[in-house]
Amino acid sequence: MNRILVWSITVALAGFLFGFDTVVISGADKQLQALWHSSDSFHGWVVISGALWGTVLGALFAGIPTNKYGRKNTLIWIGVLFSISAIGSALSNDPITFAIFRFIGGIGVGVSTIAAPAYISEISPADKRGKLVGFYQFSLVFGILIAFLSNYMLSGLGENAWRWMVGVEGIPAIIYTVFVLTVPKSPRWLITQGRIDEAKKVLLLIDPNQDVNEAVSLIQQDDKNNVTGESIFMKKYRFPLILAFSIAFFNQLSGINAFLYYAPRIFEEAGLGESTALLSSVGIGVTNMLFTLLGINLIDRLGRKQLMYIGSIGYIISLSLVACAFFFEWQGMAVPIFLFLFIAAHAIGQGSVIWVFISEIFPNHLRGSGQAFGCSVHWILAAAIPAAVPFLFSTIGAGTVFLFFAFMMVLQLLWVHFMMPETKGVSLEELSKKLVKQ
């Protein structure tokens, strides 16, 4: 178990880079708009969302290298992309070059949401899988916290503060790339490639006491039920496909990414000063991390569905209160407190569950493709919604935007109750039998 833990944490560092890269731009948001005199639309859709468009591309096509070249090799390239992006963004002198380098980092983010959870899911025992894959989400929110903290600490460096904010990511990116070279290849991927002897060696490393021949036989049996050249869009895979689409759709229709990208701006709109707004963003990062820790400790005990119930109810209450705060012009710390509640609901529910759930519901030979589909839905919405936020805030107002997000979370609660299956403690092969119509 110690080996699995070390490998899981190592691979989960991709989540740290994902979280840091996603949120670091929030500290440079207003400075970059003023520096390059960008309109709200150009700033939102190009400068801020450059990374998100890369994430969409990465998520759309990540299933190909993840399935063909393996989870490990793909994870190594993620580190390379993040390193290039951080250094290139910091040295950019115009918005287009900046957006291109941010786009490259975004590709790394998109691919990491598929390759990292798939890898951890495939090396984990069924009863610990939720917690181990959950390390990816914990690393993600830790990356978010460090990005908010880093932005706050670097904000006093003058007109080039933004270069330090985006460039400092190069350090953890290079460290991650070196560390991920030390993990073995996924045994389930090796078996799908017919590399049985290599797979047996890794399975023995994972659990020296298991009967590796029996373990290989069970995994091969799952693959025999499936025909080469299959697609996740075939009729028999419709249910897991709908599940992946739904959880990703509702994840973004909570408004989580819109909020993380524009946290300082939202706090300023609520009447807080610029410095207080940046510091409140650090509070968001702390809340996110603490409740994610709670979520990943409960996910294998309470189950995925129970956490989604808790998160959905928390979303509805907190988003409704945020909307009221903007409608009735409640000043001071009301908005930050309600948004802390929102972050807590997200962290314990969707935040802890989404990457675990999407990595569990597809059969071994289609896991990369299935995750690519679910993550693509997630990232297309994660690109479009934050890009539209500056325009929506200035036209229909922040209160109406948050009220819409609250309504969508009512729909999520209904989906959890009527459609979402429980996956805790069930082996990947057993889940494949339950969810796929043979």
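We count residues from 1, following the sequence as given. The analysis underlying the following values was restricted to heavy atoms, covering all of them including side chains, and did not include hydrogens, waters or symmetry mates.
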Self-check item: Any side-chain donor near an acceptor of the partner, Ser112 and Tyr136, under 3.5 Å
Solution: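 Tyr136 and Ser112 do have a side-chain donor-acceptor pair below 3.5 Å.
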Quiz item: Would Asn251 and Gln412 count as having a side-chain donor-acceptor pair, cut-off 3.5 Å?
Solution: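 Gln412 and Asn251 do not have a side-chain donor-acceptor pair below 3.5 Å.
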Side chain [X], main chain [Y], donor-acceptor under 3.5 Å:
| X | Y | value |
| --- | --- | --- |
| Trp355 | Gly134 | no |
| Gln210 | Leu203 | yes |
| Ser352 | Ala347 | yes |
| Ser85 | Leu81 | no |
| Gln137 | Gly351 | yes |
| Gln350 | Ile247 | yes |
| Asn151 | Val24 | yes |
| Asp21 | Leu17 | no |
| Ser320 | Ile316 | yes |
| Lys424 | Arg301 | yes |

Give a yes or no on whether [X] atom [atom1] has more than 12 heavy-atom contacts from other residues, nucleotides or ligands under 6.0 Å away.
| X | atom1 | value |
| --- | --- | --- |
| Trp164 | CH2 | no |
| Phe338 | CZ | yes |
| Lys201 | NZ | no |
| Phe179 | CZ | no |
| Trp77 | CH2 | no |
| Ile171 | CD1 | no |
| Phe357 | CZ | yes |

Practice problem: Take the angle between the ring planes of Phe405 and Phe402 and call it parallel below 30°, perpendicular above 60°, tilted in between. | Solution: perpendicular
Exercise. Anything under 30° is parallel, anything over 60° is perpendicular, the rest tilted; go ahead and classify Phe373 against Phe233.
Key: perpendicular
Exercise. Test Asn288 against every option in Thr292, Leu290, Val286 by the side chain to side chain contact (heavy atoms under 4.5 Å, CB included) rule and name the one that passes.
Key: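 Among Thr292, Leu290, Val286, the one that satisfies the side chain to side chain contact (heavy atoms under 4.5 Å, CB included) with Asn288 is Thr292.
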Practice problem: Sort out for me which residue in Val109, Ile174, Thr177 forms a side chain to side chain contact (heavy atoms under 4.5 Å, CB included) with Phe82. | Solution: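 When side chain to side chain contact (heavy atoms under 4.5 Å, CB included) is applied between Phe82 and each of Val109, Ile174, Thr177, only Val109 qualifies.
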Any heavy-atom pair between the side chains of [Y] and [X] that's under 4.5 Å?
| X | Y | value |
| --- | --- | --- |
| Leu431 | Val436 | no |
| Arg3 | Ile206 | no |
| Ile146 | Pro172 | no |
| Met408 | Tyr315 | no |
| Val11 | Leu75 | yes |
| Ile123 | Ser8 | yes |
| Val168 | Ser150 | yes |
| Leu5 | Leu132 | yes |

Practice problem: List the steps and the verdict of side-chain contact (heavy atoms from CB on, under 4.5 Å) for Asp300 and Asp127. | Solution: CA-CA 7 Å; Asp300 286 320; Asp127 62 334; over 6 Å; no
Return the [atom1] to [atom2] distance between [X] and [Y], rounded to the nearest 0.5 Å.
| X | Y | atom1 | atom2 | result |
| --- | --- | --- | --- | --- |
| Ser89 | Ile100 | OG | CD1 | 10.5 Å |
| Phe101 | Leu91 | CZ | CG | 8.0 Å |
| Ile296 | Phe291 | CD1 | CZ | 14.0 Å |
| Phe20 | Ser139 | CZ | OG | 14.0 Å |
| Ser121 | Asn364 | OG | CG | 8.5 Å |
| Thr55 | Ile380 | OG1 | CD1 | 11.5 Å |

Can you see which heavy atom on [X] is nearest to which on [Y], and at what distance?
| X | Y | value |
| --- | --- | --- |
| Ala199 | Ile191 | CB-CG1, 3.5 Å |
| Leu435 | Pro421 | CD2-CG, 4.0 Å |
| Gln371 | Ala118 | OE1-CB, 3.0 Å |
| Ala14 | Ala116 | CB-CB, 4.4 Å |
| Ser359 | Val133 | OG-CG1, 4.1 Å |
| Ser312 | Leu413 | CB-CD1, 3.8 Å |

Quiz item: Picking from Lys72, Arg188, Arg367, what satisfies salt bridge (Lys or Arg N to Asp or Glu O under 4.0 Å) with Glu122?
Solution: Arg367
Self-check item: Ion pair Lys185/Glu198, N-O distance below 4.0 Å
Solution: no
Quiz item: Are Phe18 and Trp379 near enough that their ring centres are under 6.0 Å apart?
Solution: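 Yes; Trp379 has its ring centre under 6.0 Å from that of Phe18.
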Self-check item: Worked verdict on Tyr176 versus Phe16 for side-chain contact (heavy atoms from CB on, under 4.5 Å)
Solution: CA-CA 9 Å; Tyr176 159 79; Phe16 176 90; over 6 Å; no
Self-check item: Stepwise side-chain contact (heavy atoms from CB on, under 4.5 Å) check, Phe103 with Leu57
Solution: CA-CA 9 Å; Phe103 180 85; Leu57 185 73; 3.8 Å; yes
Quiz item: Does anything in residues 351-366 pair up under salt bridge (Lys or Arg N to Asp or Glu O under 4.0 Å), and if so which pairs, sequence neighbours excluded?
Solution: Arg129-Glu360, Arg304-Glu360
Quiz item: Please walk me through it: do Lys434 and Val426 pass side-chain contact (heavy atoms from CB on, under 4.5 Å)?
Solution: CA-CA 10 Å; Lys434 284 185 177 180; Val426 186; 4.3 Å; yes
Exercise. Report the C-alpha separation of Phe98 and Trp162 in whole Å, then their side-chain angles, then the decisive distance to 0.1 Å, and conclude whether the ring-ring contact (aromatic ring centres under 6.0 Å, His included) test is met.
Key: CA-CA 11 Å; Phe98 180 84; Trp162 67 270; 5.7 Å; yes
